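Beneath this line is the structure, given in structure tokens, with notes to follow.
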2 protein chains.
Amino acid sequence: MNSTPKLGKVQLQIMQVLWARERATAREITDELNRQKSADVAPIAHSTVQTLLRKLEAKGAITHRIEERTFVFEPLQEKSEVETGAVGDLLTRLFDRSISGLVAHLVKHEKVSPDELQRLRTIVEQAEAAQNVKTSKEESR
Amino acid sequence: MNSTPKLGKVQLQIMQVLWARERATAREITDELNRQKSADVAPIAHSTVQTLLRKLEAKGAITHRIEERTFVFEPLQEKSEVETGAVGDLLTRLFDRSISGLVAHLVKHEKVSPDELQRLRTIVEQAEAAQNVKTSKEESR
DNA sequence: CCTCATCATTTACCAAGGTAAACAATTATG
DNA sequence: CATAATTGTTTACCTTGGTAAATGATGAGG
């Protein structure tokens, strides 16, 4: 049962803070989240953050040590792991596991700026190049 | 409040059936879902499907007509709409709205076969070509 | 030493998704 | 016609995420 338990919206925001800082106290996380919020939305309560930290720890996504009598949390799950889980979910649920299907959707329905498109091409080209290297190595041994 | 209410996992599966068939009865959907399941998982109960159809209709994702005294459901929300919502969610939650960030993750962490990669390049190149046409039109008027 | 602030813990609620039995209405069928 | 099967409706329960107040513990400041 190693299947990366899915995280909710706010849980992910908390993870983002943890990933960015490596380690943080509950108070730091609360402040950071509220700093990110625009003034017209209600700030999140500190106890809410604590509850979610608790749930994240129960799931094994984070852990804590005690320093100076306060909890210092750090992520256990890596961002790329969580990304893979979420992307995999999306692929399964909506794109029949087709990566090209997803990318086709991206360039067709999300408005992609010209330089973003160029970046996409570079990314794909480099991946192809890397794969060719691997292939020729295979062939030459 | 036109923000494409999010659909759950099974709700999406139901939508998939509806998208594929254009229209279906509750019974047809139940049978289709259970046909898709491997024998070792518990089949979904018909009443569960009916409950979810009800919730989908309450959300405005589908509607029904009555034919021969039985409900025939059809999708109101289009697949591309739902895809956009789900992809947008993923982008916001994990990729800081960066499409290239998402694609970079795809080619790096999901195993993409060589021909899949080639398809990706074609998709991106064609999008670039389309954009260049648009741009030159702009310039020439 | 007493009070205040700060943190952690407990407890409680609501919403949404999923699950499905129980019940009702109505149509087939023996 | 009586009963079985089908379909839709009602009701209920569990889980997870999110929200946060209330309570408890404990160290700091006056």
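Quick caveat: nothing in here was measured; it's all calculated off a predicted structure. Below, chains carry the letters A, B, ... as their sequence lines are ordered, and counting in each starts from 1.
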Atom [atom1] of [X] and atom [atom2] of [N]: how far apart are they, to the nearest Å?
| X | N | atom1 | atom2 | answer |
| --- | --- | --- | --- | --- |
| E57(B) | dA16(C) | CD | P | 17 Å |
| R27(B) | dT26(C) | CZ | C1' | 15 Å |
| L33(B) | dA20(C) | CG | P | 12 Å |
| L53(A) | dT19(D) | CG | C1' | 14 Å |
| R65(B) | dG8(D) | CZ | P | 14 Å |
| I14(B) | dT19(C) | CD1 | P | 9 Å |
| K9(B) | dG18(C) | NZ | P | 9 Å |
| N34(B) | dT19(C) | CG | P | 11 Å |

Closest to side chain of [X], choosing from [options]:
| X | options | result |
| --- | --- | --- |
| Q11(A) | dG17(D), dA20(D), dC7(C) | dG17(D) |
| F71(A) | dG8(D), dA8(C), dA20(C) | dA8(C) |
| L52(B) | dT19(C), dG8(D), dA20(D) | dT19(C) |
| I44(A) | dA20(C), dA8(C), dA20(D) | dA20(D) |

* To do: Look at all strands and tell whether T51(B) reaches a base, only sugar-phosphate, or nothing, counting heavy atoms closer than 4.0 Å.
  => base
* To do: Classify the nucleic acid contact of K55(A) as base, sugar-phosphate or nothing, counting any heavy atom under 4.0 Å across all strands shown.
  => base
* If you count the non-hydrogen atoms of other residues, nucleotides and ligands that lie under 6.0 Å from CZ in R23(A), is the total more than 12? -> no
* To do: Please list, by residue number, the residues of residues 72-80 of chain B whose heavy atoms come closer than 4.0 Å to an atom of DNA chain D; answer none if no residue qualifies.
  => none
Within the distance-only criterion (no hydrogens, no angle test), does the side chain of [X] pair as donor or acceptor with the backbone N or O of [Y] below 3.5 angstrom?
| X | Y | value |
| --- | --- | --- |
| T63(A) | G60(A) | no |
| W19(A) | Q77(A) | yes |
| Q11(B) | G8(B) | yes |
| Q126(A) | I123(A) | no |

* Which sits closer to the 5' end of DNA chain D, Q50(A) or L7(A), going by the nucleotide each is nearest to? -> L7(A)
* For the pair E67(B) and R65(B), find out whether any cationic side-chain nitrogen is under 4.0 Å from an anionic carboxylate oxygen. => yes
* Could you tell me whether E74(B) and R21(B) make a salt bridge, using a distance below 4.0 angstrom between a side-chain N and a carboxylate O? => no
* To do: Tell whether S47(A) reaches the base of dA22(D) with its side chain through a donor-acceptor pair below 3.5 angstrom.
  => no
Report yes if a side-chain nitrogen or oxygen of [X] is closer than 4.0 Å to either non-bridging phosphate oxygen (OP1 or OP2) of [N]; otherwise report no.
| X | N | result |
| --- | --- | --- |
| T48(A) | dG18(D) | no |
| K59(B) | dG17(C) | yes |
| R54(A) | dT9(C) | yes |

* Asked: For H46(A) and A42(B), take the nucleotide of DNA chain C holding the closest heavy atom to each; which residue's nucleotide lies nearer the 5' end?
  -> H46(A)
* Applying ring-ring contact (aromatic ring centres under 6.0 Å, His included), name anything that partners H105(A), two or more places apart in sequence or on another chain. => F95(A), H109(A)
